[in-house]
Amino acid sequence: MLKLGDCFQNALNTEMNEHLNLVTSIKVLVVDRKMDFLGYVADMLHSCSFEVTCVDHSGAALKLLAKKKIKFDLLLIDSDMTDVDVHTFLSLTKNMDVLPIVMSEQEDDAFLFEALKNGAFLVLKRPLTIDAVRHMRQDIIRERIHKHEKCKKKNMVVKATTQATPIQENIRSGRKRKETCGPMKQVINKTNIDNNLLYQSSEEEEEDDDDDDDSTQKRVCLEWTPELHKKFLDAISELGEGRCFPKEILNLMDVPGLTRMQVASHLQGWGNGETSGAGAGDALPVPFTPVDIPNPYLSWDNFG
DNA sequence: CAAAGAATAT
DNA sequence: GATATTCTTT
């Protein structure tokens with residue numbers, strides 16, 4: 001027997017579950033090279049019911065973020081990392097779906113500005129206080145609420161538009177890819193991030209790559225910021241424009257977390273454009289000195 | 001097999 | 001249009 005009140009109760013329950021989902025299992029990745037501080041921060045985060053993963057250098061952090069095995073809400077980075085400059089690190093995480101928060105000893109505006117410009121959500125003074133952590137938690141929850149509401153709206157729109165269409169199962173346009181029979185390409189990459197991982201707390205979170213809460217997970221992709229691009233150019237000019245291979249560029253750039261593929265892709269895209277021409281619209285005032293470019297066909301137009 | 005480079009896909 | 005991913009060649 002269904003009483004009128006039950007419906008109401010159900011609605012209330014689902015709403016409560018919704019809220020519960022939005023305020024629990026907030027995952028944070030902490031990056032700090034100092035172990036003791038890492039422990040201190042982790043404890044504090046735990047006490048505010050965060051799920052904490054700690055890492056002692058940025059390379060490990062970038063790998064974890066790129067793998068997307070765990071969907072981190074928050075990235076807490078110490079400003080003085082040995083392996084890479086914070087601002088570079090920030091720009092690397094720009095398009096990943098996390099809120100980056102920088103912990104810093106410094107308080108000057110120059111630093112603050114640079115960090116914020118590079119995508120930091122907040123810059124906090126060290127040592128972290130419990131209050132700051134509580135605030136961070138609220139930031140995340142607010143973020144989640146906004147996302148959730150956007151999602152709900154989107155779903156409603158989708159439902160409305162696809163009302164009467166039969167479920168056309170993915171006949172992807174164009175040619176079919178990899179329909180070849182034979183051993184599936186299921187090479188499990190043995191990534192050894194565990195070497196760099198100090199510890200992972202909370203449960204062992206083994207969700208497959210289905211979307212957990214919020215549907216579409218944003219595709220992460222690297223943004224080639226001017227800083228990164230400068231490193232790239234420096235590497236190339238050091239190698240000589242003639243023979244510069246992605247792997248060597250990668251090594252020379254020495255940016256943790258950057259992959260050879262990404263460099264290759266950038267090289268391809270960059271190479272298609274103007275290669276150090278007579279400065280049509282070069283965005284960067286990089287003192288790029290081309291080394292032995294064979295250019296026997298200088299424009300004859302110059303001679304009338 | 002690994003890496004580069006070209007061709008596509010997102 | 002920028003970046004990623006896949007395919008083909010080296």
Side-chain angles (χ1 to χ4, degrees), chain A residues 58-59 61-69 71-72 84 87-98 100 117-119 150-151 154 158 168-193 208-211 214-277 279-286 288 291 293-294:
Chain A
S58 56
L62 287 170
K63 277 182 195 159
L64 274 177
L65 287 167
K67 261 186 67 182
K68 292 192 284 187
K69 190 83 187 177
K71 204 280 178 199
F72 291 105
V84 70
H87 304 303
T88 306
F89 183 77
L90 280 170
S91 64
L92 283 169
T93 61
K94 219 169 216 174
N95 289 319
M96 302 174 167
D97 195 18
V98 290
K117 201 179 72 184
N118 284 299
K150 227 187 292 172
C151 227
K154 200 179 70 189
V158 168
Q168 187 86 358
E169 204 28 61
N170 56 352
I171 299 173
R172 283 238 152 254
S173 60
R175 68 177 85 178
K176 343 178 155 172
R177 296 193 146 260
K178 62 159 87 164
E179 184 103 300
T180 52
C181 48
M184 278 300 242
K185 187 169 113 188
Q186 196 74 312
V187 184
I188 304 295
N189 257 352
K190 172 182 126 147
T191 44
N192 258 341
I193 52 176
D208 262 355
D209 43 309
D210 59 343
D211 316 327
D214 293 3
S215 48
T216 44
Q217 193 138 347
K218 204 167 69 179
R219 188 180 121 186
V220 297
C221 71
L222 176 74
E223 179 182 340
W224 283 86
T225 59
E227 288 79 15
L228 260 187
H229 186 66
K230 180 175 184 321
K231 286 195 171 191
F232 171 81
L233 290 182
D234 286 347
I236 286 180
S237 70
E238 192 166 330
L239 289 166
E241 190 163 354
R243 51 181 70 69
C244 43
F245 301 115
K247 201 178 183 186
E248 303 180 62
I249 297 174
L250 180 65
N251 289 336
L252 247 92
M253 286 179 71
D254 192 35
V255 175
L258 192 66
T259 70
R260 186 177 55 79
M261 290 279 239
Q262 290 171 313
V263 173
S265 179
H266 188 59
L267 188 61
Q268 191 177 19
W270 179 73
N272 289 338
E274 50 195 276
T275 48
S276 77
D282 272 335
L284 273 174
V286 177
F288 178 60
V291 218
I293 301 174

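Convention: sequence-line order gives letters A, B, ...; per-chain numbering from 1. Owing to the predicted nature of the structure, the values given are computational and were not obtained by experimental measurement.
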[atom1] of [X] versus [atom2] of [N]: gap in Å, rounded?
| X | N | atom1 | atom2 | result |
| --- | --- | --- | --- | --- |
| Ile249(A) | dA4(B) | CD1 | C1' | 11 Å |
| Leu92(A) | dA4(C) | CG | P | 11 Å |
| Met261(A) | dA6(B) | CE | P | 15 Å |
| Leu222(A) | dA2(C) | CG | P | 14 Å |
| Asn251(A) | dA3(B) | CG | C1' | 13 Å |
| Lys94(A) | dT3(C) | NZ | C1' | 15 Å |
| His266(A) | dA6(B) | NE2 | P | 16 Å |
| Gln262(A) | dA4(C) | CD | P | 5 Å |

Report task. Just say parallel, tilted or perpendicular for the rings of His266(A) and His229(A), cut-offs at 30° and 60°. Result ->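 The arrangement is perpendicular - the two ring planes meet at more than 60°.
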
Requested in this report: Choose from dG5(B), dA7(B), dT6(C) the nucleotide whose nearest atom is closest to any side-chain atom of Gln268(A).
Outcome: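 For Gln268(A), the side-chain atoms sit closest to dA7(B).
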
Requested in this report: To the nearest 0.5 angstrom, please state how far the CG atom of Leu250(A) sits from the CG atom of Leu258(A).
Outcome: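 Leu250(A) CG to Leu258(A) CG: 5.5 Å, rounded to 0.5 Å.
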
Report task. State the CG-CD distance between Asn118(A) and Glu227(A), to the nearest 0.5 angstrom. Result ->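 It is 5.5 Å, given to the nearest 0.5 Å.
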
**Report entry** ring-ring contact (aromatic ring centres under 6.0 Å, His included) involving Phe72(A) - partner list, sequence neighbours excluded
**Finding:**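 Applying ring-ring contact (aromatic ring centres under 6.0 Å, His included) to Phe72(A) gives none.
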
